[in-house]
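What follows is one structure encoded as structure tokens, with my remarks underneath.
Order of the sequence lines fixes the chain letters, A, B, ..., with proteins taken first and strands second; residue numbering starts at 1 for each chain. On a predicted model such as this, the values are computed, not experimentally measured, just so you know.
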Amino acid sequence: MNDEEYNIEYFKEKELIRKKCENCGTYYWTRDNDRKTCGDAPCDIYSFIGEPIFKERSVEQIRESFLSFFESHGHKRLKRYPVVARWRDDIYLNIASISNFQPFVTAGKVPPPANPLVISQPCIRLEDLESIGKTGRHLTAFEMMGHHAFNKRGEEREETGERSGETGEIYWKNDTVRYCDEYLRQLGVDMDGVTYKEAPWVGGGNAGPCLEVITSGLELATLVFMDLKLSPQGQIHIKGERYDKMDTYIVDTGYGLERFVWASKGSPTVYDAIFPDMIKELLNAAGIVHPLETHHELIMQNARLSGAMSRREIAKRVCISPEALKNILGPIESVYAVSDHTKCLAFMLADGIVPSNAKEGYLARLVLRRAFRMLKSLDIAIPLEELVLKQIKTLKNSFPELEESVDRIVEIIALEKSRYDETLLKGGRIVKQLAKQSKLKAQKIHLDKLIDLYDTHGLPPEFVSEVVSTQGVAVDIPENFYSLVASMHGEEQKRVLEPLLDGLNEKTESIPATLKLYYDEPSAFEFDAVVLDSFDDFVILDKTLFFPEGGGQPADTGFLTLEGENRTLKVQDVQEVEGVILHKIENGGGISKGSVVSGHVDAERRIAHTRHHSATHIVVCAARKVLGSHVWQAGAQKGEKRARIDVTHFKRISDAERREIELLANRMVMEDNEIRARFEDRKEAEQKYTFGIYQGGVPPGKAIRIVRIGEDEDVQACAGTHCAKTGEVGPIKILRTERIQDGIVRIEYSAGEAAVLAVQAQEELIKVAAATLKVPPEKLPHTVERFFEEWKQLKKENERLRDDMAMLQIGLLKDHAKDVSGVRVIAEVLPDADTKDMMKIASQLTEDGFLTLLISERGKRASVVSSVPRHLKAEISASELVKRVCEVLGGSGGGKAEIAQGGGEKVEMVEEAMVAGIKLIQDLQK
RNA sequence: GGGCUCGUAGCUCAGUGGAAGAGUGCCUCCUUCGCGAGGAGGAAGCCACGGGUUCAAAUCCCGUCGAGUCCA
């Protein structure tokens, strides 16, 4: 990146000079002529520990000072966004204040909610989960304070200055640095100690120059000047990728709220600065003393060095063994981590994440289980939910919304705890079993086994080691265990997405957006239009009634008739590309531009889709009422006969809940409320109806279509077709619910005529079943149970009778015994016996000293059983005997030397088979 | 979204193609003043479901349903 990028006017004006760090070689700007290093860790140590940089302030004070500083400089203050990034499909969690505005605002497709703006955004990052508590500075949940300005290149003032801030430049590098300088000065930071380090920034497909703002070894803020985007033909090379200038250029700043508080307190760790009460309570409960009191100097020294060097190096420096240092720090590190995790969970769960084994739910479970583990290692009996509630109590002044869902949070955490206990209980048994085997073989537990236990059963190696050591078996856990597991999974991800309409953008670019008649005339099915273009199998019209696939609603079908040509074209599929609607025609082609066509939409299909779409909104709304506000749509599919939605929920839907949802949904239908759909301004809609409107996904564009039921009973951003009133949906029948994965349940239902048909079909099933048993339907459950019981009884009785018969037959068969080369042999054909019967007979006879060869013929198949007394099995193997006999029968067999079975299909060869068997016995006895 | 594992007696689980097993709990009897404990016997299985391969499937293959777990 060009050095010129950092040649900022303000630096010159204030006489900052550019220097090169003697340690790491990066360039930085400073007011201090004598400075030699960049000021960042590891080049400098944390010199603020014990010596705060400015007057002590609380989290609330820093947040307010930042927001009001920028407010007084023309920035609009925004409320926080959720920590779950519902408006994005590339990330699960909100990782930075700029995430709120990606991808549409940053790409210039949607205007920002305000410009410039300032926000303090709670963010969650789990990349460093393992180091939380250990480094003294990492947090999973933190607030990123940011001021943003969205600038546009060029002179295009499309809205003729209606909003002056919407085009052109708001401010760029110079003002950004000035604001930062002034804000730090206002806090009372010694400006001579501040360095601005040049550090090109790359992330999420964007890049740009960046300044890291550092003092006393601590990076307080990052000033990013985002003006590049990933581009295959780009001219600018950064870190092996190619980038190009964007049409927009954006000021993206991130001030670490917690770091400012830490710097103002000079405490050993950031946790001590922001969670003092929680830490006190945890230490109390664990019955331990903060090492700051017992090892004051050591802790302070460790804290100062912790940014600059590894644990091992620190131990050497302070003249103590690494093990001793670890013993002193271990417990407090767990306390720190729990303090952090409880806050993280408060935000995650309050913002509606349902713990599960996939997507963002898995991330919540990860944090939950780490917290459970550490509470256990600290021997703290306070339930985790209580600690999370305590966090919410301290956070509620700033974030009152966290308090709204405490009941659900408590239920979820308790449920997760019992599931985790269950997993460990099961795991303990598996590991003990394994330990027993290893002990027998006098082996250690193999690494493969360790990975398998973690991967398939969720048992961390530490847990395995703990259990196994009680059995006297050793385990070696490699340092890089978790990265080994991760790299194992890394190879799997080869996913190729082949977009159906790839490459069509270029062809549709020059064509004006199609007029969407289906919105204005929802109940019309015939229209006239003009062909604008036609290529491959696609036809583009100036306007259309054909609904394109989207939002889980399938495309309309029907046909187009070419005027004057008497030719009909079957419309198979309809797709939308950037506002242009493409009709896929069966055997398309040869349609000239400018032709006039009349279109006919398959009305029955469309009406069914429309009903199911409106029904979907109603069912989700009902589900939210019954199950809770955390219910979030995770996928949907509408069809002609049925539709389904997947929603997040932390347990199975019970039968009672299912009936309740169905009842509420049908009540909404009977209330016959209006369903209104209209385009609204995106940012106004977001503010008016919250992000809940994005249940079905996030549509692009400045204006989004909002569908409202009744008095805003349900509001969704939705591009689908809808009934005008809920009554038109008709009856809604939930067909079934299913848990498609942990944390997500699927509801399948039919609406309108399809619902009636579905009920009739179910009724029919019951009728047929009842008719077979000759009982009225209401007696079915009782009768079926009785039949099943009777069937089991009869089966047992049958078994007993067969035993008896076998015993009887044994007596008869003994009389038929013949002597073959000195062996008492019973070789018989038993017409109706099955293999099991013959086994019983054979084994009993063998106990009495007979060699048996029994053959039965049942239907098209002959079965053979043979048994050999123990003293003969060395000479004659039953298995060999059966094989020989079955060969004649055209089949095969096998078993043990004492008793074997087999069969074949040549029933007519039974006599020959018997002869062959006896001959073999004679031969073997010679 | 992708991967892995598991569904066998009320419970916990063995069982890698050849007769459905163990421990524990349950029932009956014996021993004991009674409890605990011990001894003898017994009941209890659609081996999750549906297909396929095979002379033969709890076991192998495919699908469905259910449970668990790891990764992005």
Does a salt bridge link A:Asp804 with A:Arg800, judged by any charged N lying under 4.0 Å from a carboxylate O?
no
Selected nucleotide, minimal atom distance to A:Lys359 side chain, candidates B:rA72, B:rC65, B:rG68:
B:rA72
How long is the line joining CD of A:Glu797 and P of B:rA44, in whole Å?
12 Å
Separation of B:rU12 atom C1' from A:Gln433 atom CD, nearest Å, is 10 Å
B:rC26 and B:rC33: how far apart are their C1' atoms, nearest whole angstrom?
26 Å
Could you state the CG-P distance from A:Leu459 to B:rC6, rounded to the nearest angstrom?
14 Å
Among B:rA44, B:rG66, B:rG68, which is the nearest nucleotide to the side chain of A:Thr456?
B:rG68
Given atom NZ of A:Lys449 and atom C1' of B:rU5, what is their separation to the nearest angstrom?
11 Å
From the set B:rA44, B:rC70, B:rG66, return the single nucleotide nearest to any side-chain atom of A:Arg652.
B:rG66
Per-nucleotide protein contact along nucleotides 20-28 of chain B, 5' to 3', at a 4.0 Å heavy-atom cut-off (B base, S sugar-phosphate only, - neither), is S--------
Any donor-acceptor pair under 3.5 Å linking the side chain of A:Glu662 with the backbone of A:Ile734?
yes
Over 60° means perpendicular and under 30° means parallel, so tell me whether A:Tyr420 and A:Phe372 are parallel, tilted or perpendicular.
parallel
Any strand is fair game: report the nucleotide pairing with B:rC65 by Watson-Crick or G-U wobble, both distances under 3.5 Å, or none.
B:rG7
Sticking with atom P, work out how far B:rU53 lies from B:rU59, rounded to a whole angstrom.
15 Å
Which whole-number value in Å describes the distance from A:Glu799 CD to B:rA43 C1'?
15 Å
Please classify the nucleic acid contact of A:Tyr420 as base, sugar-phosphate, or nothing, using heavy-atom distances under 4.0 Å.
nothing
So A:Lys796, base contact, sugar-phosphate only, or nothing? Heavy-atom distance under 4.0 Å.
sugar-phosphate
Main chain of A:Trp632, side chain of A:Thr648: is a donor-acceptor contact present, judged purely on distance under 3.5 Å?
yes
Could you tell me how far apart A:Arg370 (CZ) and B:rU69 (C1') are, to the nearest whole angstrom?
18 Å
With sugar-phosphate meaning primed atoms plus P, OP1 and OP2, does A:Ser843 contact a base, only sugar-phosphate, or nothing at under 4.0 Å between heavy atoms?
base
Taking the side chain from A:Ser750 and the backbone from A:Lys641, do they hold a donor-acceptor pair closer than 3.5 Å?
yes
I'd like to know if the side chain of A:Arg736 reaches the main chain of A:Glu748, judged simply by a donor and an acceptor atom lying under 3.5 Å from each other, with no hydrogens or angles considered.
no
Short side-chain to backbone donor-acceptor contact, A:Arg370 and A:Leu129, under 3.5 Å
yes
Between the protein and nucleotides 16-18 of chain B, which nitrogen or oxygen pairs come in under 3.5 angstrom?
residue, atom, partner, partner atom, Å
B:rG18, O2', A:Gln901, OE1, 3.2
B:rG18, O6, A:Gly894, N, 3.3
B:rG18, N1, A:Gly894, N, 3.4
B:rG18, N2, A:Gln901, O, 3.3
B:rG18, N3, A:Gln901, OE1, 3.3

Given B:rG3, B:rU69, B:rC13, identify the nucleotide with an atom nearest to the side chain of A:Asp455.
B:rG3
Under 4.0 Å, heavy atoms only, any strand: does A:Ala862 hit a base, just the sugar-phosphate, or nothing?
nothing
Can you tell me if A:Arg739 touches the phosphate of B:rG66, counting only side-chain N or O atoms and a distance under 4.0 Å to OP1 or OP2?
no
Return the value, rounded to whole Å, for the distance between atom CG of A:Asp742 and atom C1' of B:rU69.
10 Å
C1'-based separation of B:rA22 from B:rC60 [nearest Å]
26 Å
C1' atoms of B:rC49 and B:rC11, separation to the nearest Å
23 Å
Taking the C1' atom in each of B:rU64 and B:rC55, what is the distance between them to the nearest angstrom?
29 Å
Listed nucleotide nearest any side-chain atom of A:Arg429, set B:rA72, B:rC13, B:rA56:
B:rC13
Ignoring hydrogens and angles, does a donor from either the side chain of A:Asn357 or the base of B:rU69 sit under 3.5 Å from an acceptor on the other?
yes
When you measure from the side-chain N and O atoms of A:Arg369 to the phosphate of B:rU69, is any distance below 4.0 Å, counting only OP1 and OP2?
yes
Under 4.0 angstrom between A:Arg419 side-chain N/O and B:rA67 OP1 or OP2:
no
Just the rounded figure in Å: distance from P of B:rC55 to CD1 of A:Ile855.
17 Å
Nucleotide forming a Watson-Crick or wobble pair with B:rC60, both distances under 3.5 Å:
B:rG52
Below 3.5 Å is the cut-off: list the nitrogen or oxygen pairs between protein and nucleotides 46-53 of chain B, distance only.
none

Paired with B:rG25 by Watson-Crick or G-U wobble geometry, both distances under 3.5 Å: which nucleotide is it?
none
On a whole-Å scale, what distance lies between the C1' atoms belonging to B:rU54 and B:rA72?
42 Å
For A:Arg652 and A:Glu657: C-alpha separation, side-chain torsions, deciding distance, then whether salt bridge (Lys or Arg N to Asp or Glu O under 4.0 Å) applies.
CA-CA 10 Å; A:Arg652 289 190 76 103; A:Glu657 284 166 339; over 6 Å; no
Mate of B:rC46 across any strand shown (Watson-Crick or G-U wobble, both atom pairs under 3.5 Å) is none
Between A:Ser867 and A:Thr852, a side-chain donor and acceptor under 3.5 Å
yes
Going through the checks in order, is the salt bridge (Lys or Arg N to Asp or Glu O under 4.0 Å) test met by A:Lys860 and A:Glu905?
CA-CA 6 Å; A:Lys860 283 193 284 181; A:Glu905 278 172 10; over 6 Å; no
RNA chain B: A:Glu905 or A:Arg736, which has the more 5' nearest nucleotide?
A:Glu905
Separation between CG (A:Leu845) and CD1 (A:Ile810), nearest 0.5 Å, reads 5.0 Å
Does A:Thr456 reach the main-chain N or O of A:Leu453 with its side chain, forming a donor-acceptor pair under 3.5 Å?
no
Is it true that, when you exclude A:His816 itself, more than 12 heavy atoms of the residues, nucleotides or ligands shown sit nearer than 6.0 Å to its NE2?
yes
Which of the following nucleotides, B:rA56, B:rU69, B:rC13, is nearest to the side chain of A:Arg861?
B:rA56
Given RNA chain B, 5'-ward residue of the pair A:Leu366 and A:Glu738, judged by closest heavy atom
A:Glu738
Going through the distances and angles, do A:Lys417 and A:Asp421 end up as a salt bridge (Lys or Arg N to Asp or Glu O under 4.0 Å)?
CA-CA 6 Å; A:Lys417 178 72 164 75; A:Asp421 288 345; 3.0 Å; yes
Could you measure between the two C1' atoms, the one in B:rA14 and the one in B:rA58, and give it in whole Å?
12 Å
Does the plane of the ring in A:Phe788 sit parallel, tilted or perpendicular to the ring in A:Trp791? Use 30° and 60° as the thresholds.
parallel
Say you pick atom P in B:rA48 and the same atom in B:rU16; how far apart are they, in whole Å?
15 Å
